[in-house]
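Throughout, residue positions are numbered sequentially from 1 according to the sequence presented. Since the structure is predicted, the reported quantities are computational estimates derived from the model, not experimental observations. Just the heavy atoms: all of them, side chains too, but no hydrogens, waters or symmetry mates, feed the values below.
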Amino acid sequence: AETPAGSPDGGPAPTAVANGPAQPAPAVATPTEDGGAAAGVPGSQPGAASAPAAVVTAKPEERFLEQTNELATARISTWGAALVGYELSTYSDVIKQKEGEKAPPVDLVPGKGVADRSFTLRAVGGTFPLPSDAAYEVVSEKPGEIVLQHDTGRGVVVTRSFIFKPGTNSLDVTSRFENKTDAVQSISLQMAVTGREREGERDSGGMFMPPTDQTGWACKTTELLEGLSSDYEGDATHSGAITWAGINRQYFLAALVPRQGQTTSCAVKRTTDNGLEVAVEFAPLTIPAGQAVDVVVTGYFGPKQMGQLKALNAGVDEAIDFGWFGVISRPLLWLLVFFYGYIGNYGLAILLLTFIVKLVLLPVTQKSFESAERMKKIQPLLKELQAKYKSDRMMASQKQMELFKEHNVSPFGGCLPMLLQMPIWIALYRTLWSSVELYQQPFIAGWIDNLAVKDPTYVLPISVGVVMLVQQFFTPMPQDN
């Protein structure tokens with residue numbers, strides 16, 4: 001018999017439409033398989049109050065619920081109350097594009113198995129079970145909001161609400177644990193964000209260009225910990241309060257932002273081939289008898305645009321990798337977007353930004369040229385000194401310094417101004433490399449249709465090489481010492 005998607009063994013996805021039934025699910029027991037620790041089983045807390053025996057029921061059919069706005073389409077499964085898809089309406093995945101076909105939209109929850117679902121909630125200890133594929137019932141569904149509910153069979157009801165914020169790529173997820181027993185209940189939880197490398201992702205770069213939009217992970221504690229899926233070295237757990245965590249790509253981010261003080265660690269592990277999971281563990285919850293406790297997080301699934309990330313107020317904008325010179329890159333990015341607002345073409349905006357940077361650095365460049373020219377003029381005098389004091393190197397050095405001082409020449413005057421410019425040019429490169437604003441933006445239609453990928457004709461890199469050679473030819477160079 002075929003196994004529906006979301007089944008414990010992670011079978012293929014069922015054919016279903018939004019709000020419609022999937023293929024019938026086999027009858028299985030509600031108790032946990034991957035983390036539904038309960039009283040009297042491994043993982044339960046010693047001395048915790050016992051709960052009623054779990055009721056074994058047939059698992060209902062899986063349903064998929066969709067929420068669509070002008071930016072994205074999100075898909076949620078009733079198995080696990082988890083995201084099974086999050087497609088960005090305005091961005092196409094160039095890596096998945098096949099020749100002669102239109103590129104599919106960027107999907108930040110691309111996997112199909114249970115292990116690939118995002119914002120899954122599972123118990124890793126406590127007095128009642130909560131597996132990651134627990135069956136939820138639909139309580140309500142309306143534009144911008146979905147509410148699902150699961151009865152653990154131990155006297156605790158779990159309600160998960162997804163509220164999608166209009167005009168943004170963020171959503172609020174509230175998980176409420178309502179204790180309907182007359183005893184205290186407890187649970188230790190993990191919530192996971194997942195990602196997967198796309199086929200051909202590692203081969204999308206070139207000799208002088210890294211692969212485009214690689215999949216990686218990130219976890220922010222007191223510092224930002226991150227890595228690439230292609231460099232994965234094994235499961236790792238990072239302890240400490242988590243500010244945010246998620247799947248971090250060059251241009252896109254799937255992130256979980258918990259409330260401050262709720263979390264204790266994040267764990268990074270490989271799920272299936274080329275799949276990654278970043279699981280955030282929450283501090284143990286104690287649920288008094290007859291009361292409810294909420295766990296609230298914010299999710300972000302979208303492009304790494306500075307404004308949207310800053311609006312999360314959790315330092316998520318650090319996901320944009322500006323390198324060592326971020327303090328320079330940030331104003332450069334602001335200028336780039338500002339110029340685009342007037343020009344309407346990011347290719348021209350880049351040219352204008354480069355011209356402005358060159359203009360600002362012109363005095364430094366001019367000073368370097370002038371110093372090199374003065375050094376060239378005193379070369380004959382330097383040669384005389386070297387010949388005169390060739391047997392006394394200390395005296396030769398002293399006379400050279402006197403000569404430099406007399407003619408107002410610094411031996412570092414030619415290279416030092418150039419070195420001072422390097423951080424600015426490196427910052428400009430990192431700005432252009434990291435900016436999602438350039439993703440699938442055309443420069444000249446029919447030639448450069450996406451500024452985020454290499455020039456298919458190699459005209460630009462060859463032109464740069466020619467210009468550098470010409471510039472080198474006209475640059476005044478000092479004679480050999």
Side-chain angles (χ1 to χ4, degrees), residues 66-76 82-96 103-111 116-119 143-146 162-173 191-198 201 212-220 224 226 229 243-258 276 278 280 297-322 330 333-334 336-337 340 346 433-441 450-452:
E66 280 191 0
Q67 286 285 322
T68 301
N69 59 26
E70 66 276 17
L71 298 177
T73 296
R75 203 161 180 247
I76 296 174
L83 286 162
V84 294
Y86 202 103
E87 295 183 349
L88 304 182
S89 306
T90 56
Y91 292 93
S92 300
D93 198 328
V94 295
I95 292 179
K96 288 185 176 181
V106 170
D107 190 349
L108 296 180
V109 190
D116 294 312
R117 301 181 175 194
S118 274
F119 276 51
E145 183 179 355
I146 290 176
F162 295 79
I163 299 177
F164 297 83
K165 301 178 181 179
T168 73
N169 291 101
S170 60
L171 64 152
D172 287 333
V173 181
M191 194 179 299
V193 183
T194 60
R196 178 181 291 277
E197 291 183 50
R198 287 94 75 216
E201 178 178 311
T212 302
D213 199 27
Q214 277 189 287
T215 300
W217 60 271
C219 182
K220 176 68 186 297
L224 179 60
E226 56 185 342
S229 175
T243 306
W244 64 272
I247 299 299
N248 190 17
R249 286 160 54 171
Q250 180 181 353
Y251 298 115
F252 303 98
L253 178 68
L256 184 156
V257 184
L276 276 182
V278 181
V280 173
V297 302
T298 297
Y300 181 83
F301 293 83
K304 289 161 68 171
Q305 291 178 336
M306 183 67 71
Q308 289 203 54
L309 299 184
K310 275 185 170 293
L312 297 173
N313 295 319
V316 187
D317 55 298
E318 291 184 42
I320 304 177
D321 184 10
F322 287 126
R330 290 171 186 268
L333 176 59
W334 182 88
L336 180 67
V337 176
Y340 173 76
Y346 269 112
W433 184 84
S434 305
S435 300
V436 70
E437 286 79 4
L438 304 184
Y439 189 84
Q440 69 188 25
Q441 285 290 331
N450 188 347
L451 286 168

Among Val109, Thr215, Leu256, find the one that has a side chain to side chain contact (heavy atoms under 4.5 Å, CB included) with Ile247.
Thr215

Quick check: Phe119 with Phe162 (ring centres under 6.0 Å apart)?
no

What are the two closest heavy atoms between Ala314 and Val257, and how far apart are they?
CB-CG1, 3.6 Å

Looking at Asn450 and Gln440, would you say the former's side chain and the latter's main chain have a donor-acceptor pair under 3.5 Å?
yes

Do Lys304 side-chain atoms and Leu309 backbone N/O form a donor-acceptor pair below 3.5 Å?
no

Main chain of Thr194, side chain of Ser118: is a donor-acceptor contact present, judged purely on distance under 3.5 Å?
yes

State the CZ-CZ distance between Arg330 and Phe322, to the nearest 0.5 angstrom.
5.5 Å

The reported gap from CD1 in Ile163 to CD1 in Ile146 (rounded to nearest 0.5 angstrom) is 11.0 Å

Val297 side chain reached by Pro258 side chain, heavy atoms, under 4.5 Å
yes

So Phe301 and Val106, do their side chains get closer than 4.5 Å, heavy atoms only?
no

Just verifying a value: how many Å separate Arg117 CZ and Ile76 CD1, rounded to the nearest 0.5 Å?
11.5 Å

Decide yes or no for Asn69 and Pro166: does some side-chain heavy atom of the first lie under 4.5 Å from some side-chain heavy atom of the second?
no

Just how far is it from atom CD of Gln250 to atom OH of Tyr439, taken to the nearest 0.5 Å?
9.5 Å

Which heavy atom of Val280 sits nearest to which heavy atom of Ala245, and what is that distance?
CG2-CB, 3.8 Å

Just by distance, do the side chain of Tyr346 and the backbone of Val337 share a donor-acceptor pair under 3.5 Å?
no

Is a side-chain donor or acceptor of Ser434 paired with a backbone partner of Asp321 at a separation under 3.5 angstrom?
yes

Here the pair of heavy atoms bringing Ile320 nearest to Gln305 is CD1-C, 4.5 Å

Heavy atoms only: give me the nearest Glu70-Thr90 pair and the separation to one decimal.
O-CG2, 4.4 Å

Separation of Leu253 CG from Gln308 CD (nearest 0.5 Å):
11.0 Å

Specify the closest pair of heavy atoms between Asn169 and Ala72, including all atoms of both residues, with the distance to one decimal.
ND2-CB, 4.4 Å

Looking at every heavy atom in both Ser89 and Thr73, which two are closest together, and how far apart are they?
OG-N, 4.4 Å

Have a look at Tyr91 and tell me which of Phe252, Tyr86, Tyr251 forms a ring-ring contact (aromatic ring centres under 6.0 Å, His included) with it.
Phe252

Got a donor-acceptor contact below 3.5 angstrom from the Gln67 side chain to the Phe164 backbone?
no

Distance col, row Arg196:CZ vs Asp107:CG, nearest 0.5 angstrom, shows 11.5 Å

Test item: Glu197 side-chain N/O and Leu276 main-chain N/O as donor-acceptor pair under 3.5 Å:
no

